[in-house]
Participant: 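Take this structure, written in structure tokens, and hold onto it; I'll ask about it next.
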Amino acid sequence: MYELYFSEIFNTVKTFECGQIFRFESDDSGKTYIGALIDRIIKITQKDPHTLIISSNKNSNLEKIVNSFFRTNDNYIDMQKSIKIDSLMKKVVNYSNGLHLLNQDNFECSISYILSQCSNIPRIKRNMKDLAKLYGKSAIFEEQEFFLFPSRSDLIDITEEEFRDLGFGYRAKYLRNFIKNNPSFLIEPILDSEIFNKNLQNIEGIGQKVADCIQLFAYGDISHFPVDTWMEKFMIKYYNDEKKISKKKIRELGTSLFGKWAGYAQEFIYYYARNHPQFFPSKLKK
DNA sequence: ATCCAGGCATGCA
DNA sequence: TGCATGCCTGGA
């Protein structure tokens, strides 16, 4: 057990409930979160606005894994400054203050975003929980049973039908394909960001949005700006005079406005928009 | 009862 | 390139 200090604000509720991660849970309304991280169970307790208390069932290499998970090398203050490009973004950044991007396990995280399409957070959480409980190894932490996320070899013989029986719908095929083929560049990532992106999109079931999410949340490339329906609503409303514009253009716009910190900007906007649904039409005009 | 959700692949202009 | 449609499921 040790303390992890941030000079900026760190808010566990915003970080774990914003929709970027699906398998960490709190049983005391946000003070403590517990979940599996790669090969171990991690417990995170908010001590004060700058300090987390970290504990785990496995201490080898713990600080390194945790630092990577929480992206402790990011200059959060600089990031916030450079995203505050106008009064609106100032409001968005202040509203989201304390939300940190997480650098997740790439296999687990990639699967969560393959399953995310045309779904919703509670359902994705249920899907991921089912996978872990059925196929993952169990681990005991503080006398409670948890499940690690299954490895590729744990899932290699699971058929599309079995995934369908778990309620994955047409995504079952994509998941089966992803596990079966799992190209080598996923293990040793291609350095060029856009080439990696194109390679991801060559995998059946992964399009622009999921590829961006995988790079952002699973491979820590925070220059990506995934455009989902919320991003579309926000950007059209505030940065395109409420006129319809393609998702591709919105992605370009986000990248040019926010540069290397686009991933943070995206998550802040997503968090802001979802918590202010009254500002955004439920359905966009064509 | 429709409708549509944190998309994608496909087919067509 | 841009747009329409079907796809599984399940919650509103």
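Note: hydrogens, waters and symmetry copies are ignored here, and every other heavy atom, side chains too, is used. Only a predicted model underlies this, so the values are computations on that prediction, with no experimental measurement involved. Chain letters run A, B, ... following the sequence lines, proteins first and then strands; every chain starts at 1.
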Participant: Measuring only the P atom in each nucleotide, how far is dC4(B) from dA4(C)? A whole number of Å is fine.
Facilitator: 14 Å
Participant: If we take the P atom in both dC8(C) and dG11(B), what is their distance in whole Å?
Facilitator: 15 Å
Participant: Would you mind reading off the distance between Asn127(A) atom CG and dT9(C) atom C1', rounded to a whole angstrom?
Facilitator: 9 Å
Participant: Taking atom types as modelled, find out whether Glu252(A) and Thr255(A) have a side-chain donor-acceptor pair closer than 3.5 angstrom.
Facilitator: no
Participant: Using a strict heavy-atom distance below 4.0 Å, which residues from residues 92-111 of chain A are in contact with DNA chain B?
Facilitator: none
Participant: What integer distance in Å separates Asn275(A):CG from dG6(B):P?
Facilitator: 13 Å
Participant: Test: salt bridge (Lys or Arg N to Asp or Glu O under 4.0 Å). Region: residues 99-117 of chain A. Which pairs qualify, not counting sequence neighbours?
Facilitator: Arg23(A)-Glu108(A)
Participant: Filter on ring-ring contact (aromatic ring centres under 6.0 Å, His included), then keep only pairs touching residues 132-165 of chain A, sequence neighbours left out; what's left?
Facilitator: Phe163(A)-Phe168(A)
Participant: Rounded to whole Å, please give me the gap between CD in Glu161(A) and P in dC8(C).
Facilitator: 11 Å
Participant: Using whole Å, report how far NZ of Lys173(A) lies from P of dC8(C).
Facilitator: 9 Å
Participant: Taking only residues at least two apart or on different chains, which pairs with a member in residues 40-55 of chain A satisfy salt bridge (Lys or Arg N to Asp or Glu O under 4.0 Å)?
Facilitator: Glu3(A)-Lys47(A), Lys43(A)-Glu142(A)
Participant: Between Glu232(A) and Arg251(A), is there a salt bridge with N-O shorter than 4.0 Å?
Facilitator: no
Participant: If we ignore hydrogens and angles and just use 3.5 Å, is the side chain of Asp228(A) paired with the main-chain N or O of Trp230(A) as donor and acceptor?
Facilitator: yes
Participant: To the nearest 0.5 Å, what is the distance between NZ (Lys233(A)) and CZ (Phe279(A))?
Facilitator: 14.0 Å
Participant: Whole angstrom is fine here: how far is it from NZ in Lys248(A) over to C1' in dC3(C)?
Facilitator: 15 Å
Participant: Walk along nucleotides 7-13 of chain B from 5' to 3' and tag each nucleotide B, S or - by protein heavy-atom contact under 4.0 Å, base first, then sugar-phosphate.
Facilitator: BSS----
Participant: Could you pull out all residues at least two apart from Arg126(A) that satisfy side chain to side chain contact (heavy atoms under 4.5 Å, CB included)?
Facilitator: Arg123(A), Asp130(A)
Participant: Ring centroid separation for Tyr113(A) and Phe22(A), is it under 6.0 angstrom?
Facilitator: yes
Participant: In dot-bracket form, 5' to 3', how is DNA chain C paired? Count Watson-Crick and G-U wobble pairs only if both distances fall under 3.5 Å, and write | where the partner sits on another strand.
Facilitator: |||||||.||||
Participant: Is the backbone of Thr72(A) close enough, under 3.5 Å, to the side chain of Asn67(A) for a donor and an acceptor to pair up by distance?
Facilitator: no
Participant: Whole Å only: how far is the CG atom of Asp130(A) from the P atom of dT9(C)?
Facilitator: 14 Å
Participant: I'd like a list of close polar pairs between nucleotides 10-12 of chain C and the protein, N/O only, cut-off under 3.5 Å.
Facilitator:
unit_1, atom_1, unit_2, atom_2, d
dG11(C), OP1, Arg126(A), NH1, 3.4

Participant: Sequence neighbours excluded, which residues qualify as side chain to side chain contact (heavy atoms under 4.5 Å, CB included) partners of Ala262(A)?
Facilitator: Phe225(A), Phe258(A)
Participant: So, using side chain to side chain contact (heavy atoms under 4.5 Å, CB included) as the criterion, who are the partners of Ser29(A) when residues are at least two apart?
Facilitator: none
Participant: Check every strand shown and say whether Arg164(A) touches a base, only sugar-phosphate, or nothing at a heavy-atom separation below 4.0 Å.
Facilitator: sugar-phosphate
Participant: Could you check whether the side chain of Arg171(A) and the base of dC8(C) have a donor-acceptor pair of N or O atoms closer than 3.5 Å, going by distance alone?
Facilitator: yes
Participant: Hydrophobic side-chain clustering at under 4.5 Å (ILVMFWY, transitive links): who's grouped with Ile42(A)? Put none if nobody.
Facilitator: Tyr2(A), Leu4(A), Phe6(A), Phe10(A), Val13(A), Phe16(A), Ile21(A), Phe24(A), Tyr33(A), Leu37(A), Ile38(A), Ile44(A), Leu52(A), Ile54(A), Leu62(A), Ile65(A), Val66(A), Phe69(A), Phe70(A), Leu102(A)
Participant: What's the gap between dT5(C) and dC3(B) when it is taken at their P atoms, as a whole Å value?
Facilitator: 13 Å
Participant: Take Ile179(A) and Ile156(A) through the side-chain contact (heavy atoms from CB on, under 4.5 Å) test and state the conclusion after the steps.
Facilitator: CA-CA 6 Å; Ile179(A) 290 161; Ile156(A) 194 77; 4.3 Å; yes
Participant: Passes ring pair (Phe, Tyr, Trp, His ring centres under 6.0 Å), His276(A) versus Phe280(A)? Steps please.
Facilitator: CA-CA 8 Å; His276(A) 295 84; Phe280(A) 306 98; 8.0 Å; no
Participant: With a 4.0 Å heavy-atom cut-off, tell me which residues in residues 253-273 of chain A come close to DNA chain B, sorted by residue number.
Facilitator: Tyr270(A)
Participant: Would Glu25(A) and Lys125(A) pass as an ion pair if we require N to O under 4.0 Å?
Facilitator: no
